[in-house]
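Structure record follows, encoded as structure tokens.
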Amino acid sequence: MPHSQHKISKTWENPNICLNVRCHHVGIPFDPLCTSALENLGFYQIAKMRKINVDKYLIPALVERWRPETNSFHLPVGEMTITLQDVSCLRGLPIHGKPLVGKVDTHWSEIVERLLGIPVDEQHMKQKKRRKGDDNTVVRNSQYSLNLGKPRERFHVLPDNPMDREINWHARALVLEILGSVVFTDTSEDGVPATYLQFMQDLGQPTEYNWGAAALALLYRELSIGAEKERLEISGP
């Protein structure tokens, strides 16, 4: 479509017409003592990244030009896409290895206690709200998704003279925070699946999992969902 037919071209007249863009920030700080563990997990570079300024007009403009059929941006100068090499260069995530396929039905509270050091009675699960047919809202705790609020408080600072296990707990908590707030984020910014912990058990060896491919796949999917919504708004019912 010509630029004049894109919604983003109307932002000069109405700045509120474009997508609502949110930028989530990591609440658990990087600690140099976690360097080795983060390097082995493949998250050292992204853990060192500072705040990113988000252009709330550029992102909607790109979303409008995304084509799910080809997983690419259709621009006046031709097609462009995001590749695994981009994910590796910009975020430093590993792009080789096994896919992220694991268990989903297990006792996650026990794994959280073992790999993060958080006792079962101090774990706070993410709350999910569902609307019933009678317009009443039901709130229940997730069976596998951790609320990020408590880990942010617990792991805000490493203790003095920490033991190796405390350093590893901090490193895993930081990676979970990055996954929930940056890599696999959603609009809530308050939870992350504890299921990711099963891929962070041995911090003494380089990771064997392809986090970069999973991040790129999610980005493709979310861009396609956003592009489809934009097209429906432009074309109407």
Side-chain angles (χ1 to χ4, degrees), residues 1-30 42-95 126 129 145 147-149 152 174-193 196 210-237:
M1 293 189 300
H3 177 71
S4 60
Q5 294 182 24
H6 284 279
K7 278 178 59 179
I8 198 66
S9 65
K10 307 296 189 298
T11 53
W12 299 108
E13 304 166 9
N14 181 9
N16 297 320
I17 198 173
C18 63
L19 290 172
N20 181 22
V21 178
R22 299 183 185 184
C23 181
H24 298 165
H25 304 294
V26 176
I28 298 176
F30 166 82
F43 282 79
Y44 175 75
Q45 181 173 316
I46 194 171
K48 292 275 290 180
M49 290 175 64
R50 299 188 178 185
K51 178 182 177 182
I52 299 175
N53 294 322
V54 176
D55 190 326
K56 69 175 185 178
Y57 300 113
L58 175 61
I59 291 178
L62 289 172
V63 170
E64 281 193 71
R65 289 162 173 80
W66 180 261
R67 300 302 301 180
E69 299 85 354
T70 57
N71 284 329
S72 60
F73 300 105
H74 282 222
L75 307 175
V77 295
E79 293 188 45
M80 180 186 75
T81 193
I82 305 166
T83 67
L84 275 176
Q85 185 179 10
D86 296 325
V87 175
S88 176
C89 291
L90 296 175
R91 290 186 165 178
L93 296 175
I95 57 174
K126 180 179 178 180
K129 297 180 179 180
S145 190
N147 184 297
L148 281 170
R152 286 169 182 159
L174 175 54
V175 171
L176 275 184
E177 164 80 295
I178 292 171
L179 291 173
S181 300
V182 180
V183 181
F184 302 135
T185 187
D186 58 22
T187 56
S188 67
E189 194 194 0
D190 64 353
V192 61
Y196 296 137
N210 191 335
W211 292 97
L216 184 62
L218 179 66
L219 179 60
Y220 279 4
R221 188 184 73 174
E222 295 301 316
L223 278 170
S224 297
I225 292 173
E228 185 61 28
K229 287 181 179 179
E230 289 296 293
R231 275 195 287 275
L232 288 175
E233 290 184 14
I234 294 173
S235 59

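Predicted model only: the values in this text are computed from it and were never measured.
Here the side chains of I95 and W211 are not in contact, with every heavy-atom distance at 4.5 Å or above. Counting heavy atoms from C-beta on, the side chains of V192 and S181 never come closer than 4.5 Å. For the pair T83 and D86, the minimum side-chain heavy-atom distance is below 4.5 Å. Side-chain contact between R65 and S72: absent, with no pair of heavy atoms (C-beta onward) separated by less than 4.5 Å. Inter-residue side-chain proximity for L174 and F43 is flagged as unmet; no heavy-atom pair is nearer than 4.5 Å.
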### Message
Set out, in order, the CA-CA distance, both residues' side-chain angles and the distance that settles side chain to side chain contact (heavy atoms under 4.5 Å, CB included) for R91 and V182, then state yes or no.
### Response
CA-CA 10 Å; R91 290 186 165 178; V182 180; 3.8 Å; yes
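Residue L75 holds its CG atom at 5.5 Å from CE of M80, rounded to the nearest 0.5 Å. Atom OG1 in T81 sits 7.5 Å away from atom CG in L216 (nearest 0.5 Å).
Of the possible donor and acceptor atoms, none in the side chain of E222 sits under 3.5 Å from a partner among the backbone N and O of A217. Within the 3.5 Å criterion, the main-chain N or O of L84 finds no donor-acceptor partner in the side chain of S88. Remark: the backbone N or O of L148 is not paired with any side-chain donor or acceptor of E177 at under 3.5 angstrom. Formation of a donor-acceptor pair under 3.5 Å by the Y220 side chain with backbone atoms of P68 is not found in this model.
Relative ring orientation between F30 and Y44 is described as perpendicular, the plane-to-plane angle rising above 60° on a 0-90° scale split at 30° and 60°.
Pairing each heavy atom of A227 with each of W66, the nearest pair is CB-O, 3.5 Å. For the pair I82 and L223, the tightest heavy-atom approach, listed with the atom from each and the gap, is CD1-CD1, 4.3 Å. Of all non-hydrogen atoms in C89 and Q45, the two that sit nearest each other are O-NE2, 3.0 Å. Residues V183 and A215 come closest through the heavy atom pair CG1-CB, 3.6 Å. Nearest heavy-atom pair across S145 and G191 is OG-C, 4.1 Å.
Qualifying salt bridge (charged side-chain N to carboxylate O under 4.0 Å, His left out) partners for R67, counting only residues two or more places apart in sequence or in other chains: E69.
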